[in-house]
Amino acid sequence: MKQVHVDVAVIGGGPAGLAASLAARKEGAERVLIIERNTELGGILQQCIHHGFGLHRFKEELTGPEYAQRFIDFIKETDIEVMLETMVLEVTPERKIYAVNSESGMLEIHAKSIVLAMGCRERTRGALRIPGGRPAGVYSAGTAQRYVNIDGYVPGKKAVILGSGDIGLIMARRFTLEGAKVEAVVEVLPYAAGLTRNVVQCLEDYDIPLYLQSTVIEIHGNKRIEAVTIAQVDEKWNPIPGTERKIECDTLLLSVGLVPENELSSQAGVAIDPITNGPLVDDAMMTNLPGIFACGNVLHVHDLVDNVSKESERAGMYAGRYALGKSSEKARRIKVQAGENIRYVVPHEVSSEEPVEFFMRVQRPQDDVALDVGGLRRIRKTSVRPSEMLDVKITPEQLQSLEGDTLVIQIVEQ
Amino acid sequence: MKVTDKQTLTAQVVIVGGGIIGTATARELSRYNVDVLLLEAEAEVGWGTTKANSGIVHGGFHEEPGTLKAKYCFPGNQMYPQLCEELDVCFKQNGILMVGRTPEEMETVQEYYKRGTERGVKLQLLSKEELLEQEPNLDPELAGALYAPEGGSVMPFELAAALMENAVQNGVRYEVNAKVIGAWAEGGKKYLETAEKVIEADYVINAAGLFSDDLARMFGDDYFSIRPRKGEEYIFDLSVKDMVKSTIFPVPGKISKGILVIPTAAGNLMMGPTGDNVDEKEDLGTSQDGFNRVFDGAKSLVPGLDPRKIIAQFAGVRAASDRGDFIVELSPNVPGLVHLAGIESPGLTAAPAIAADVPRLLREAGLELEEKEDFNPRRSGVIRFHTLSREEQDKLVQEDPSFGRIICRCESITEGEIVDAIHRGARTLDGIKFRVRAGAGRCQGGFCQPFITQILSRELGIPVTQVTKAGPGSEQVKYEAKELSEQEVL
Ligand SMILES: Cc1cc2nc3c(=O)[nH]c(=O)nc-3n(C[C@H](O)[C@H](O)[C@H](O)COP(=O)(O)OP(=O)(O)OC[C@H]3O[C@@H](n4cnc5c(N)ncnc54)[C@H](O)[C@@H]3O)c2cc1C
């Protein structure tokens, strides 16, 4: 078995892994390695050929592949090593990685620090337990996106989309542009789950109906899907009898949420937050396992890649420092707590030695409120939406003025 | 013979149906000097009830004395270890527990203990303490159990495919996409008609599962009928696989064995099945109501089950006969026609024993059977990359680099395994999923489906738009890009 020794091993070559590896190298780590299972770097961005990436980062509207390419070009200018078509099979708490590819066979990689940047996967029909048959023609939206944008095939010509997550909205437009008809987008919530701009640009501009507080209650068809029955739901998401409607279709796309992919992390012993489904991390983006860091969609699901890059640069920087033996025990540990109308906050724990940027999501939409950070900062918000991640920066000085060892972040009425 | 322009084939024995019963029979007959052809309606063997069941090799203590179920179930159980060893398929002998809650239920447990031990089944009674020590995640309110250590689990589809492969190795022919649409007897011969061919046979074995009464009727036999009974099952993610070791049964009800918690041979925990009479034989839909009943039942055995960990669900339909028992007999009306019908649960368990009895029936019908000298009972198994040690994996990739390309990330399935499955007869995405489990994991094929579609297209030499999920009519992607948006207008 081939042995490899590196300072920082980054698992995943999507936007998170790219930003983290650059930051680790910049921090001074000598041997930085990216391990990516695909044939190219860039992760899921490569199939996101629509524009809207990089507004914050580059002050430009880029497509997914363009955004990725900027980072790939940066990487090319460095001596960061990249292993493509290489699958990580196991990570140990001692920071050993087993990975396989067809050229080298099994690799045993010894890393001084590891950045987990494996991204997420889509929730499936099985997880939702949609009743009915199991015909062909039911795809998660991202799978359909790959078929259309990378492989060059259109799954069908009459589609219903369940869930108004961003990928679903984008795919509604994509199907329409490919000459297929999108009969409906069906969302169980009273509001769209994706970004407002996607609702406008992908549905409204193409007259695609969005049915809120509705869901698919049955899939019809044996070989290929023939129709779905949709119905309105009550507050508990139970279908309301009498509101059923059958819509003929040959395709059903599911855009019903993303789940961070933490099987490798969990097997290694990384503690997972049951709300985000991602690791618990401190202000250095380090998990409970010393020297193992996490960032990007494996940590929590983001809606903007710009935020992923930002968060991952922090993870990469601290992973670099750790590899160089430059990280020290924190004197003070402050627990971060999600308060009123906050679903979760990342990081979960901070010291008062480093500047931090908190990322969080609200539980429900609210207007004219303020985001209160432990009384240290209070920021007015004209509206907060679960689909739109909030972020706020706090300085070490502000943290030092905090009394007690819990920082509550909450939404307060104005 | 009827006049037809279809191609004609002949075979001494034709088996209709490639479920576990048909394939086990094919493999059994391949021991003898006889010319056998198996016809299967679907794109691959094993796609009827055989692919959609609980996968349990029952202990053999449930069945009522005097029934054919009792006659074949326990002997079938006893044949499993050797059969699976010869075919190199997984047999997980993890034991079966029938648990009781009330004093009355514990009495019933006692009765099953008596029934089973009289039959020769190895059984053990467990006190509450012994039960909870063996299975700490069971409901602590349970009072005790019956333990059958020789019960187990298999992957039924894998077994059917392996039986077919081994039968073919020993000279059996088979055709898929060959639904029998007409059948008759004439001048001592029997004729079977498919969309493309007419097959002339001396003997016909009806192993058509849910459609066995339809096939019988084509021959004029209308003395039994099939009453489809559906069962829904729900599969959990591998991350919760260790909640129980053995398959957990409640004390059975009148018609079914109740809702079970099953550690499958594939490793996932599963719960089910329901038992609902349905009008349509192909009614494979799952339902909210079915889920509720399954979950309530399973939770009463293992309270910690978390519905959020469910990754997939399916339903299978039992081919129960109106006799309430298996039908394993020569047709009283058509000489040389053997019915293996009404094979509901525990049909998977009983299959090897039923198959072993078929030569007797054929001899009774006048066929001379002579054992071959060169019968090879062994089939070389498939390589399962994720079960190998790191060193073995390394060695394998050095020998064949296609094992270094992981296609299904959830189950760590390599391109090498997928290509091997295609060479062994997989033709569809479902076929690959059932054989090697690519796409059976938590992402349910979300990531690997496009790749497997490409591999199928490449290996079978067909366009991507002709790759199917489960045979004609279930094409995975229907159009090439621009096919819908751009049209020739000149
Ligand atoms: C929910 C459920 C759970 C179960 N659990 C268990 C269990 O745990 N243990 C156990 O022992 N048993 C179990 N069973 C029972 C077991 O699955 C069946 O007894 C067994 O699979 C029957 O096999 P078969 O070959 O008779 O039928 P099938 O698998 O249905 O095979 C019949 C085949 O015939 C083909 N066919 C039909 N008509 C034609 C035609 N006209 N021409 C050509 N081909 C045709 C079909 O396509 C099919 O492939 C369960 C059943 C169900 C539904």
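Letters A, B, ... are given to chains in the order of the sequence lines, protein chains preceding strands, and every chain is numbered from 1.
- Atom OH of A:Tyr344 and atom CG of A:Asp273 lie 9.0 Å apart (nearest 0.5 Å).
- Once rounded to the nearest 0.5 Å, the distance linking CD1 of B:Ile406 with OG1 of B:Thr414 reads 6.5 Å.
- For the set A:Met106, A:Arg134, A:Arg224, the entry with the most heavy-atom pairs within less than 4.5 Å of chain B is A:Arg134.
- Looking at B:Ile310, both its backbone and its side chain come within 4.5 Å of chain A, counting heavy atoms on both sides.
- Only the side chain of B:Gln454 comes within less than 4.5 Å of a heavy atom in chain A; its backbone stays farther off.
- Contacts of A:Thr176 with chain B are absent, with no heavy-atom separation under 4.5 Å from either backbone or side chain.
- Below 30°, between 30° and 60°, or above 60°: for B:Tyr234 and B:Phe291 the angle between ring planes is above 60°, a perpendicular geometry.
- For B:Pro472, the part sitting under 4.5 Å from any heavy atom of chain A is the backbone (N, CA, C, O) and nothing else.
- Using a 4.5 Å cut-off between heavy atoms, A:Ile130 contacts chain B through its backbone alone, with no side-chain atom that close.
- Contact of B:Arg409 with chain A is made through backbone and side chain together, with heavy-atom distances under 4.5 Å.
- Within the 4.5 angstrom heavy-atom criterion, only side-chain atoms of A:Glu261, from C-beta onward, approach chain B.
- With respect to chain B, the highest number of heavy-atom pairs below 4.5 Å among A:Ser104, A:Ala144, A:Gly156 belongs to A:Gly156.
- No other option in A:Gly105, A:Pro239, A:Gly132 has as many heavy-atom pairs under 4.5 Å with chain B as A:Gly132.
- Look at B:Glu42 and B:Lys51 and you find no salt bridge, because none of the NZ, NE, NH1 or NH2 atoms lies under 4.0 Å from a carboxylate O.
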Query raised in the report: Yes or no on salt bridge (Lys or Arg N to Asp or Glu O under 4.0 Å) for A:Lys158 and A:Glu183, after CA distance, side-chain angles and deciding distance?
Result: CA-CA 7 Å; A:Lys158 221 168 185 249; A:Glu183 298 287 336; 3.6 Å; yes
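- With A:Tyr139 as the aromatic partner, A:Arg146 does not meet the cation-pi criteria of under 6.0 angstrom to the ring centre and within 45 degrees of the ring axis.
- With a threshold of 4.5 angstrom between heavy atoms, B:Ser412 approaches chain A through side-chain atoms but not through N, CA, C or O.
- Only the side chain of A:Glu263 has a heavy atom closer than 4.5 Å to any heavy atom of chain B.
- The closest side-chain heavy-atom distance from A:Leu89 to B:Gln393 is below 4.5 Å.
- When the candidates A:Glu85, A:Lys2, A:Arg37 are compared by the number of heavy-atom contacts under 4.5 Å with chain B, A:Arg37 comes out ahead.
- Heavy atoms closer than 4.5 Å to chain A are found in the side chain of B:Gln398, but not in its backbone.
- Taking OG1 of B:Thr49 as the reference point, atom CZ of B:Arg318 lies at 9.5 Å (rounded to 0.5 Å).
- Only the side chain of A:Asn38 comes within less than 4.5 Å of a heavy atom in chain B; its backbone stays farther off.
- Between chain A and the residues B:Leu238, B:Thr468, B:Asp237, B:Asp394, the largest count of heavy-atom pairs under 4.5 Å involves B:Asp394.
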Query raised in the report: Passes salt bridge (Lys or Arg N to Asp or Glu O under 4.0 Å), A:Arg174 versus A:Glu178? Steps please.
Result: CA-CA 6 Å; A:Arg174 193 74 189 89; A:Glu178 273 298 332; 3.6 Å; yes
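- Contact annotation for A:Arg121: both backbone and side-chain heavy atoms come within less than 4.5 Å of a heavy atom of chain B.
- Residue contact with chain B, scored on non-hydrogen atoms closer than 4.5 Å, involves the backbone of A:Leu177 exclusively.
- Contacts with chain A were tallied for B:Lys309, B:Arg308, B:Glu475; B:Glu475 has the most, counting heavy-atom pairs under 4.5 Å.
- Among B:Arg390, B:Gln288, B:Glu480, the residue with the largest count of heavy-atom pairs under 4.5 Å with chain A is B:Arg390.
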**Report entry** Verdict with supporting geometry, B:Phe236 and B:Met270, side chain to side chain contact (heavy atoms under 4.5 Å, CB included)
**Finding:** CA-CA 6 Å; B:Phe236 290 88; B:Met270 186 162 85; 5.9 Å; no
